[in-house]
Protein chains: 2
Amino acid sequence: MHPLRAYIHRFVPLTEAEWAPLAAGITPRTLRRKQNFVTQDQPALELALVVSGACRLLYTRPDGEERTTYFFFENHLMGSYQSCLTGQPSQFSIQALAPTELLTFPYALLRRLFDEFPVYERFGRLLAEYHLLGTDARLAELLLLSPEQRYQALLRSHKTKILERVPQQYVASYLGVTPVSLSRIRARVQAEDEGSR
Amino acid sequence: MHPLRAYIHRFVPLTEAEWAPLAAGITPRTLRRKQNFVTQDQPALELALVVSGACRLLYTRPDGEERTTYFFFENHLMGSYQSCLTGQPSQFSIQALAPTELLTFPYALLRRLFDEFPVYERFGRLLAEYHLLGTDARLAELLLLSPEQRYQALLRSHKTKILERVPQQYVASYLGVTPVSLSRIRARVQAEDEGSR
DNA sequence: GGAAAACGTTAACAAAAGCTAAGGAATTGG
DNA sequence: CCAATTCCTTAGCTTTTGTTAACGTTTTCC
């Protein structure tokens with residue numbers, strides 16, 4: 001099955017007649033390392049399914065500092081929800097961490113399908129709800145746990161792909177600490193693990 | 001117009017025929033100060049519109065410590081999305097900060113309306129999307145700003161209701177710091193403001 | 001293959017936050 | 001209206017994080 005159709009199928013089933021118009025609007029695209037799919041302060045009216053590779057979502061602060069807040073791997077759908085919904089410039093960038101293959105399509109097409117096919121509207125609801133649960137959990141983790149506890153939670157989570165495939169400085173940002181601090185936390189955790197062995 | 005109908009109307013218009021079945025399922029309820037609408041570790045299968053009063057969303061940690069992560073005032077819809085969607089026990093409580101009037105209804109009713117009326121499915125999508133934008137912004141703020149900057153951002157935001165109506169210890173939790181630390185931050189910020197006057 | 005860039009660790013110091021405790025002000029609720 | 005509770009601030013001390021910088025390793029990509 002087409003990768004995007006398979007992605008949608010995890011939420012709702014699509015008939016051929018429902019799938020065809022979306023399929024017609026898809027453009028494949030590749031990104032080199034460090035190339036942007038979304039660029040901060042520019043409108044980003046497309047969504048993309050990652051077919052292979054990896055990307056990070058980052059905010060560039062007024063002082064030039066970058067903060068990475070999210071990662072996307074194979075079979076993740078990504079884009080600037082906020083820019084697509086409001087039409088305003090995106091508040092963040094999405095940048096390839098390695099060579100990446102995408103399937104892109106305009107959000108406007110999806111919006112048209114919301115009107116035309118109830119099944120897409122349902123997909124849209126379930127997708128937003130699914131992301132909301134994830135973001136809420138992330139927010140709770142940031143407010144409930146210390147940096148060290150967040151690192152340990154990541155170690156024990158099902159997101160270890162992040163630790164394996166993402167440079168540590170970006171993981172630090174994702175956990176809400178500086179790279180230096182994460183390095184210290186790791187040394188501390190390792191020492192604790194040695195002790196309890 | 002009925003307060004709940006008015007709330008929904010900000011997203012989609014409802015005909016009488018669409019509104020009637022939801023209206024039939026509404027139960028008014030009042031909470032005393034410190035009384036729970038949702039209790040952690042128990043299923044919470046109802047949603048509620050706050051008609052008057054105020055509530056906080058809080059997590060109680062294994063060590064007994066509480067962390068407040070959200071507030072609800074008049075015309076806010078609240079509930080445990082996660083518990084409603086999955087049927088699992090809620091991971092947090094929702095507790096009244098002051099005497100509060102609610103209009104409650106079962107999530108199962110809304111789910112039935114999703115199937116029956118496309119307009120409700122659209123409402124569900126828009127509601128989830130709206131909350132997602134808010135949660136994303138909150139997450140970015142936590143990862144991008146220092147505690148002091150977060151306090152200043154709150155001061156300058158359109159959420160000053162929080163500062164006016166919520167005990168400061170809960171605001172501290174919401175900002176991701178201890179009450180003692182927020183008190184120090186306030187002293188610091190005030191000193192800076194005096195200096196620049 | 002090799003130069004350049006990116007990356008992780010460590011150290012030393014400064015700044016900020018956490019913790020505990022105590023005192024006094026404000027709010028609540030009968 | 002008054003007693004009990006809740007709440008905010010301040011202080012002293014400890015722990016953690018941020019910052020800057022230096023060094024060695026790894027990765028990237030001509």
Side-chain angles (χ1 to χ4, degrees), chain A residues 30-35 53-54 56 58 61 63-68 71 95-100 142-152 154-155 162-194, chain B residues 30-35 53-54 56 58 61 63-68 71 95-100 142-152 154-155 162-194:
Chain A
T30 66
L31 298 176
R32 292 185 304 278
R33 193 172 109 95
K34 304 227 166 185
Q35 194 178 356
R56 68 179 176 125
L58 64 129
R61 300 198 310 189
D63 63 7
E65 289 285 301
E66 290 180 356
R67 292 298 153 86
T68 299
F71 304 105
Q95 184 180 83
L97 288 167
T100 296
L142 278 171
L143 289 170
L144 287 169
L145 303 182
S146 69
E148 176 167 337
Q149 290 173 320
R150 296 202 290 272
Y151 173 68
Q152 303 240 29
L154 181 60
L155 272 180
I162 291 176
L163 292 169
E164 291 158 15
R165 296 177 54 182
V166 174
Q168 191 172 307
Q169 57 178 321
Y170 301 142
V171 178
S173 202
Y174 174 83
L175 291 172
V177 297
T178 59
V180 175
S181 188
L182 178 54
S183 188
R184 281 189 298 228
I185 287 169
R186 280 164 54 85
R188 226 155 53 206
V189 167
Q190 201 173 337
E192 285 164 19
D193 284 3
E194 309 268 321
Chain B
T30 66
L31 298 175
R32 291 185 305 279
R33 193 172 106 96
K34 302 227 166 184
Q35 194 177 357
R56 67 180 177 125
L58 64 129
R61 300 198 311 189
D63 64 6
E65 289 285 302
E66 290 179 355
R67 293 297 152 87
T68 300
F71 304 105
Q95 184 180 84
L97 289 166
T100 296
L142 277 172
L143 289 170
L144 288 169
L145 303 182
S146 68
E148 177 167 335
Q149 290 173 319
R150 296 203 289 275
Y151 173 69
Q152 302 240 29
L154 181 60
L155 271 181
I162 292 177
L163 292 168
E164 291 158 13
R165 296 176 55 183
V166 173
Q168 192 172 307
Q169 57 178 320
Y170 302 141
V171 178
S173 203
Y174 174 83
L175 291 173
V177 297
T178 59
V180 175
S181 189
L182 178 55
S183 189
R184 279 190 298 229
I185 287 169
R186 280 164 52 84
R188 227 153 56 205
V189 167
Q190 202 173 338
E192 286 163 20
D193 285 3
E194 308 268 321

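Computed from a prediction, not measured in an experiment: that's the story for all the values here. Below, chain A is the first sequence line, B the second, and so on; all start at residue 1.
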Asker: Measure the CD-CD distance between B:Q95 and B:Q35 for me, rounded to the nearest 0.5 Å.
Answerer: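 Atom-to-atom, B:Q95:CD and B:Q35:CD are 9.5 Å apart.
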Asker: Would you check if the side chain of A:T100 reaches a backbone N or O of A:A98 as a donor-acceptor pair within less than 3.5 Å?
Answerer: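 Answer holds: yes.
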Asker: For A:Y170, is the NZ or CZ atom of A:R56 found under 6.0 angstrom from the centre of its six-membered ring and inside 45 degrees of the ring axis?
Answerer: yes
Asker: Nearest-Å distance, CG (B:L144) to P (D:dG18)?
Answerer: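 Value for this atom pair: 14 Å.
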Asker: Are the side chains of B:T30 and B:P99 in contact, using a 4.5 Å heavy-atom criterion?
Answerer: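 The answer is no; the side chains never approach within 4.5 Å.
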Asker: Rounded to the Å, how far apart are B:L163 CG and D:dC7 C1'?
Answerer: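 Taking atom C1' of D:dC7 as the reference, CG of B:L163 is at 16 Å.
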Asker: Check this one for me: any side-chain N or O of B:R186 less than 4.0 Å away from OP1 or OP2 of D:dT9?
Answerer: yes
Asker: Measure NZ/B:K34 against P/D:dA4 and give the value in whole Å, please.
Answerer: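 Value for this atom pair: 17 Å.
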Asker: Can you tell me how far CG of B:L58 sits from CG of B:L97, rounded to the nearest 0.5 angstrom?
Answerer: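 Here the interatomic distance stands at 9.0 Å.
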Asker: When the axes are fitted on five pairs at both termini, how much does the helix from C:dG1-D:dC30 to C:dG30-D:dC1 curve, in 10° steps?
Answerer: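 The end axes of the helix from C:dG1-D:dC30 to C:dG30-D:dC1 are about 70° apart, to the nearest 10°.
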Asker: Please report the distance, rounded to the nearest Å, between CD in A:E65 and C1' in D:dT19.
Answerer: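 Distance check: A:E65 CD to D:dT19 C1' gives 11 Å.
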Asker: Out of curiosity, A:R61 CZ to B:Q149 CD, how far, rounded to the nearest 0.5 Å?
Answerer: 6.5 Å
Asker: If the cut-off is 4.0 Å, is B:Q168 near the phosphate of D:dC7, judged by side-chain N/O to OP1 or OP2?
Answerer: no
Asker: Rounded to the nearest 0.5 Å, what's the gap from CD on A:Q169 to OG on A:S183? Could you check?
Answerer: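 These two atoms lie 12.0 Å from each other.
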Asker: Shoot me the first and last contacting nucleotide of DNA chain C against chain A, ordered 5' to 3', at under 4.0 angstrom to non-hydrogen atoms.
Answerer: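 With heavy atoms of chain A under 4.0 Å away, the range is C:dA6 to C:dA12.
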Asker: Nearest whole Å is fine: how far is D:dC30 C1' from A:R33 CZ?
Answerer: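 It is 14 Å, rounded to the nearest whole Å.
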Asker: Side-chain contact test, heavy atoms from C-beta onward, threshold under 4.5 Å: evaluate it for A:L154 versus A:V171 and give yes or no.
Answerer: yes
Asker: Heavy atoms only, 4.0 Å cut-off, all strands: where does A:R184 land among base, sugar-phosphate and nothing?
Answerer: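 Answer is base: heavy atoms of A:R184 come under 4.0 Å of a base.
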Asker: Heavy atoms under 4.0 Å, any strand shown: does B:R188 hit a base, just sugar-phosphate, or nothing?
Answerer: sugar-phosphate
Asker: Indicate yes or no: at least one non-hydrogen side-chain atom of A:L142 is less than 4.5 angstrom from one of A:R150.
Answerer: yes
Asker: Considering only heavy atoms, which members of residues 173-182 of chain B lie under 4.0 Å from some atom of DNA chain C?
Answerer: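 Heavy-atom cutoff 4.0 Å gives B:V177, B:T178, B:V180, B:S181.
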Asker: Take B:L97 and A:V166, find for each the nucleotide of DNA chain C with the closest heavy atom, and name the residue whose nucleotide sits nearer the 5' end.
Answerer: A:V166
Asker: Roughly, in whole Å, what's the span from CD in A:Q169 to P in D:dT20?
Answerer: 16 Å
Asker: Tell me the interatomic distance from B:R56, atom CZ, to D:dC7, atom C1', rounded to whole angstroms.
Answerer: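 In whole Å, D:dC7 C1' and B:R56 CZ are 13 Å from each other.
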Asker: Could you grab the distance from atom CD of B:E66 to atom CG of A:L144, nearest 0.5 Å is fine?
Answerer: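 Between B:E66 CD and A:L144 CG, I get 11.5 Å after rounding to 0.5 Å.
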Asker: Taking side chain as C-beta onward, heavy atoms only, is A:L145 less than 4.5 Å from A:Y151?
Answerer: no
Asker: Between A:I185 (CD1) and D:dT16 (C1'), how many Å, whole number?
Answerer: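 Those two atoms, CD1 and C1', are 9 Å apart.
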Asker: Kindly compute the distance separating CD (A:Q168) from CG (A:L182), expressed to the nearest 0.5 Å.
Answerer: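 Here the rounded value is 4.5 Å.
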